[in-house]
Enquirer: 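Submitted below is the structure of interest, expressed as structure tokens.
Just follow the structure's listing: the first ligand is 1, and inside any ligand the first atom is 1. Here the structure is a predicted model, which is why all the values come from computation and not from measurement.
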Amino acid sequence: MKVQIHPKRQLFKRDKMIYGHFLEHFHRQTYGGVYDPGNPLSDEDGLRRDVIEAMRGIEVPVLRWPGGCFVSSYHWKDAVGRERKPLFDKAWRVEEPNTFGTDEYVAMCRKIGCEPYICTNAGTGTAEEMSDWAEYCNLENEGQYAKWRIENGHREPYKVKYWSIGNENYGDWEIGAKDAQEWGLLVRESAKMLLHVDPTIELSAAALADVDWNTNILKNAGRWLKWISIHKYWDRNHEVNTEADYRQCMAFTGELDEGIRQVRGILCAMGLEKKVRIAFDEWNLRGWYHPGCRYGYGVTKEDYLYPRDDNDDNTKYTMADTVFTACFLNTCNRNGDIVGMANYAPVVNARGCIYTHKDGIVLRGTYYVFQMYVKLMGDTIVDLWDEDPEIITFPHLKGGERQVPVLDVLATLRQDGAVVVSAMNKDPERERGLQLLVPGVSKYRIHTLNGESTESYNDIGVNGIVPKTGQWLACHGTANLQLEPHSVNIIEFL
Ligand code: AHR
């Protein structure tokens, strides 16, 4: 395929928050993931040093917390101060110790160097409870909640800028789910109270690509919102743990921008596209496996609890996850005029990019995708023209076939003047040729992330998916590349 890049035709700057992550109180994400007091690998705050270091390594810009479904029956006041009672978490049907709460979360964000992003309880919670939380975090010293934070040893306000009203409150699986009208009114009242506490914060509200749902939110509360949240797990294996195979995952790449396109259309129709941005604040190729919680309740722990350990099987996170993740980051970049934040779900354990075990961590292939994007790609999206896009056919999980472009190519301009291109070859078997025409450049090098086969993975003592960097090569405005099958590539031009 031949691609002409136009570095002078700069389209827009994307927000680095599209490389954000998510952490829920679920299985071994928070407890036993990043927070593990008493573990010799943890620091004085109980945080796993190796996990924090890995999160720094991918420059996590923003971390959404504490849920997810968990938050829809969570009361933040239970997890602040000296009196912390363990309570039953009705979303995930386990005991929540409440030892990791707001203070621990903000301290952790400071260590990582990321923005906190708090998702509030709009299931069983109220507008008042949400705004009390904002008082605790952001007021200097006025009122009981700011004073409580100070009593707890935190004199300076936390200045949490990003807040989301609710999580998936449209879904019948969510505790305290609402209909579209109720939701519009609750978002309006919650937004007002939160902004009365701190008018400098930026608010989002749980949404989906649905006209009725979004119209109700935006008509009622559009003037107070800066964001609208959407989520997507393409391989929806929450109840049945049969992962889509490599080819089926590549068929999903034909659906990467569906939700964005639909929500963009709604925002444009309402004249809000310059005011409200999309926070794609939960996404992953695969849904987390947790049978017996949403539909058909499991009775024994064998039914609903222990199966969650199957998410820990590292052999399942292959080049399918790796290539798909890079293609989604390309989609966010391409839509960076309206997608301002995205949060990979989750950052650690379950389907995350970091896996913890008692002696250390495993960095799955998806970890290296984030590392390559944050370290190498530019933040200005530039125009390109592919003259002869090649198409490939993959079987779709739901039946039938899906035709998708075999290569996914994105061009950016970096602050140091480098033109940086990402290019994925989805073909499971064949190398594919890519000719890049970039005016004015004289050398290039290619970074490739790949494994020996589509089924390669990383695990304890197994490094099946690793990045490699080629030598700088001279060129006169043209690079002729052969992209390995099932590979993620980043090409730097100077
Ligand atoms: O499966 C994990 C859950 O997926 C998250 O808690 C929720 O937000 C989403 O539905």
Enquirer: Is H21 close to N343 at the side-chain level, that is, under 4.5 Å between some pair of heavy atoms?
Expert: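 Of all side-chain heavy-atom pairs linking H21 with N343, none is under 4.5 Å.
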Enquirer: So, 4.0 Å and heavy atoms of Y233: is ligand 1 close enough to count as a contact?
Expert: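 Yes; Y233 lies near enough to ligand 1 that a heavy-atom distance drops under 4.0 Å.
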Enquirer: Do R64 and F22 meet the cation-pi criteria used here (NZ or CZ under 6.0 Å from the six-membered ring centre, within 45° of the axis)?
Expert: yes
Enquirer: Taking only heavy atoms of H290 into account, list the atoms of ligand 1 that are under 4.0 Å away from them.
Expert: 1 (O), 2 (C)
Enquirer: Can you tell which part of W92 has a heavy atom less than 4.0 Å from ligand 1: side chain, backbone, both or neither?
Expert: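 Under 4.0 Å from ligand 1, W92 contributes side-chain atoms alone.
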Enquirer: Side chain to side chain donor-acceptor pair (under 3.5 Å) with R364: which of T325, N314, D321?
Expert: N314
Enquirer: Looking only at protein heavy atoms, identify the closest one to atom 6 (O) of ligand 1 and say how far it is in Å.
Expert: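 That would be E24 OE1, 2.7 Å.
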Enquirer: Quick one: look at F70 and ligand 1, take heavy-atom pairs under 4.0 Å, and tell me if it's side chain, backbone, both or neither.
Expert: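 The answer is neither; F70 stays 4.0 Å or more away.
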Enquirer: So is R236 in contact with ligand 1, going by heavy-atom distances below 4.0 Å?
Expert: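 No, R236 has no heavy atom closer than 4.0 Å to ligand 1.
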Enquirer: For atom 3 (C) of ligand 1, what is the nearest protein heavy atom, given as residue, atom name and distance?
Expert: R294 NH2, 3.5 Å
Enquirer: Under 4.0 Å between a Lys/Arg side-chain N and an Asp/Glu carboxylate O for D43 and K111?
Expert: yes
Enquirer: Would R334 and D408 pass as an ion pair if we require N to O under 4.0 Å?
Expert: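 Yes, this pair counts.
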